[in-house]
Amino acid sequence: MSAQATVPSVHSGALSYGVHPHDHKELSADAPIEVLPTPAEVLVPLVQHIGAPNDAIVKPRTAVAWGDVIGRSEAFVSAPVHAPIAGKTARLKATTLPNGRHMQAVPIKAEGEQVEGRALFDDVYGGDWPLDEIPEDRGAIVAAVREAGIVGLGGAAFPTHVKLSVREDRPIHTLILNGVECEPYLTADYRLMLEAPQPIVAGAMAAARAVGARQIAIAIEDNKPQAIAEMKRAVAGTPIQVVVMKTHYPMGGERQLIYAATGLTVPTGGLPLDVGIVVMNVGTAAAVARAVLRGKPLTHRVVSVTGEGIATPKNLLVPIGVRYSELVAYCGGLKPDAVRAVAGGPMMGFTLGSLDVPVTKGTSGLTVLTDAALKKAPETNCVRCGRCVDVCPIRLVPTRIALAARHKAWDIARAYHITACIECGCCAYTCTANIPLTQLIRMGKAELPRS
Amino acid sequence: MHRKPRVFEATADTGGGGAAAPSLHVAPSPHLADPSLTTRRMMVDVLVALVPVVGMAVWVFRWYAVLQIVIATLACLAAEAVFTSMRRRTLTLGDFSAAVTGVILGLSLPWSAPWYIGVIAGVIAIGLGKAVFGGLGYNVFNPAMVGRAFVMIAFPAALGAAAFMDPGVALRVATEATPLTLAKQASQGTPWWPLLLGTVNGSLGETSALACLVGGLWLCLRRTAAWEIPASIIATVALFAGIGQFVNPGSPMTLAHHLLGGALLFGAFYIATDPVTSPLTFRGKVVFGVGIGALVWVIRTFSGYPEGVMFAVLLMNAVTPLLNRWAYPTPLGGPAPAAK
């Protein structure tokens, strides 16, 4: 069956599985993107992507300019990292990323003149984005994206140039820009769509040219009418269409988005390109535009600092490598009842044991939760109510898999497709017995014997 | 509560966030939960849905109904308390599962059953039906039906068809046999209106089809009961009974008797839908329901018993683990590829 023969149209859609938590986006939705003042020091982890690790290519006590490469790898599936500020490097330091990985990081002390405030915002997202300056050559676009160190900014941090490198046997017909932002609380993509629609459109056109997509769509949930209106204005005169998705978690997962918007199912263990589709976050698209049209690397990103536990929730444009503690300080500090700081959104984000770790390319937000929002009831026996089965967007039977994983019954876990789980958290969210289903499955996937 | 918000100093060394570490908890995602979904809420839902059934039972059987329900419920609660403390577990009366078992058990007894029947049935239901398996969530069989089956076999005189009749008491319905017994043994039909309303003899909760429909549909709307199970049970019985009526038009066991008489609706909505003892997946639930429906029809039509809902549910309970294994949905995107 060839995906080339019939290109399914991209349309507005809904999910019949999943959950619908209160989104709490009102906390930060109306806060315009502010530029964080250049911090005194940043700590840039050498690996911020899925793939081969980078080597540091600058020595300690070297002066670096904003945008200089400081780590790279020759491997194809990797993305270089760049200096987000001008300054002087120090000796490599170990840090722990939110997901628990220990990582070497390059500290850079700010020195010399920095681009600040409005000038920085204009350099990253402002000004003109002439679509006719996008190179005709696919290879040039991919090379620019690779050199800029762009990874998926939605959270997965998969190197974008790998996505854009099309294989002859797997033609791409559709590019979907993911502006769904289905995680509760987070508003970074929303603000970006409101305040910087032009680079998103330019990035979409560049990416579509790189992959040879004949169809381009921007998918936005219907709880963001302003973003929908703004993007519709911005795409006027381009072949891009805006499709409206019914608000439902996890609509923003690429498998769910592709299924809801086109009816195609990505094979388990496969990638969207298996069905001829590339999905890209809107923030990634803006970074692609900047790399392709301005030759600038990915050094800054928009981060939502939000949640009931933060004094003044804000959306910030921050240098990658800045510590979470500085974002918190800039937003007025933590409230006394804050109990959990989550890197990312509350459904899939990782808790931070310390705020002294750096923001990475995949960080979409910092959600500080208070006691009131958290689950507190004790775990009881599974009564097999089947709610987890009803909500699982992959149509698994989470309770069976989770309990099999708890008892290390790997044959049962595997027979019930444990590896197909996307860890969206819907089952644990909905569990009447408060069983940590998602965590049990996650641990099971990690411990699953290889054969 | 007069502490000022803690503000972290932006410092270069590791001391900056160190102050935060003790107060921030680390926990796995998801960090949110649907607060409205608890085991207790499900059980309370069932109790609420039973209100119309209890109401009709009290209206038809007066204080006999009150007595049976209260005795069975108290017996179940006491048994739950005794068995959980014997197992040295925290008391689980607060999840209301024992109360649900008790009320359903009470509603499944005849009005005439002596008081000790309810007590024995309650103790057996919780003890042999639930506690020996490890408590709520681990039982294979519906506890209320285990208790009911035990007393039915142990005390046939108190629960047989004849026990429902007693012309000596001040109950109008007590002078006649149950509709299914009448149809089966006396070839005598009952009009459909009393069958629907419930002004006939029978076990306390089963007589009013209307009350079961009202409460049961509400339970399905709340998603506390899976609609697939009652729908497939009723559809299966209707299909078989319809064929039976077509082939043998003279029989008093009409479609209306099959659907509205006996415990079919009570069993379909309140007993078969017990989540612990019914399958998890859509396909499993449908097969489960079709199995119960077919067994009900077979027992009613061919066996010596006028009614078969209890045995049908217990038999299909035994098949449930197999159904959970067999009726497994294919994941979106196909089965997971074999490990490399």
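Excluded from the calculations below are hydrogen atoms, water molecules and symmetry mates; all remaining heavy atoms, backbone and side chain alike, are included. Throughout, a chain's letter reflects where its sequence line sits, starting with A, and its residues are numbered from 1.
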Original post:
Can you name the salt bridge (charged side-chain N to carboxylate O under 4.0 Å, His left out) partners of A/Arg442, sequence neighbours left out?
Top reply: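 With sequence neighbours excluded, A/Arg442 shows a salt bridge (charged side-chain N to carboxylate O under 4.0 Å, His left out) to A/Glu423, given in chain and number order.
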Contact class of [X] relative to chain B, heavy atoms under 4.5 angstrom:
| X | value |
| --- | --- |
| A/Ile394 | both |
| A/Val342 | side chain |
| A/Pro436 | neither |
| A/Thr399 | side chain |
| A/Pro393 | backbone |
| A/Cys382 | backbone |
| A/Leu352 | backbone |
| A/Tyr330 | neither |

On a heavy-atom basis, which atom in [X] and which in [Y] lie closest, and how many Å separate them?
| X | Y | answer |
| --- | --- | --- |
| B/Pro329 | A/Val397 | CD-CG2, 3.8 Å |
| B/Pro275 | A/Cys385 | CB-CA, 3.7 Å |
| A/Thr438 | B/Pro30 | OG1-CD, 3.8 Å |
| B/Tyr328 | A/Ile401 | OH-CD1, 3.8 Å |

What option among [options] has the most heavy-atom pairs under 4.5 Å with chain B?
| options | result |
| --- | --- |
| A/Pro267, A/Pro346, A/Pro184, A/Gly270 | A/Pro346 |
| A/Val339, A/Thr419, A/Val42 | A/Val339 |
| A/Val383, A/Leu43, A/Thr380 | A/Val383 |
| A/Asn381, A/Val389, A/Thr265, A/Leu437 | A/Asn381 |
| A/Gly349, A/Ala433, A/Pro21 | A/Gly349 |

Original post:
Can you tell me if B/Ser29 uses its side chain to pair, donor with acceptor, with the backbone of A/Phe350 under 3.5 Å?
Top reply: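 No.
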[X] versus [Y]: any side-chain heavy-atom pair under 4.5 Å?
| X | Y | result |
| --- | --- | --- |
| B/Leu280 | A/Arg400 | yes |
| B/His31 | A/Met347 | no |
| B/Arg41 | A/Thr432 | no |
| A/Arg395 | B/Thr330 | no |

Original post:
With a cut-off of 6.0 Å (strictly less than), are more than 12 heavy atoms of other residues, nucleotides or ligands near NZ of A/Lys445?
Top reply: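 Count over threshold, so yes.
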Please output the residues of [range] in contact with chain A, using a heavy-atom cutoff of under 4.5 Å, in numerical order.
| range | result |
| --- | --- |
| residues 316-326 of chain B | B/Asn324, B/Arg325 |
| residues 134-145 of chain B | B/Gly134, B/Leu136, B/Gly137, B/Tyr138, B/Asn139 |
| residues 88-107 of chain B | none |

Can you tell me how far apart [atom1] ([X]) and [atom2] ([Y]) are? Round to the nearest 0.5 Å.
| X | Y | atom1 | atom2 | answer |
| --- | --- | --- | --- | --- |
| B/Leu24 | A/Thr351 | CG | OG1 | 9.0 Å |
| B/Thr281 | A/Leu396 | OG1 | CG | 12.5 Å |
| A/Gln256 | B/Leu332 | CD | CG | 7.0 Å |

Original post:
Non-hydrogen atoms of chain A under 4.5 Å away: do they reach the side chain of B/Arg40, the backbone, both or neither?
Top reply: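 Neither part.
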Subject >> Derivation of the salt bridge (Lys or Arg N to Asp or Glu O under 4.0 Å) call for A/Arg387 and B/Asp34 >> reply: CA-CA 11 Å; A/Arg387 302 255 177 190; B/Asp34 192 337; over 6 Å; no
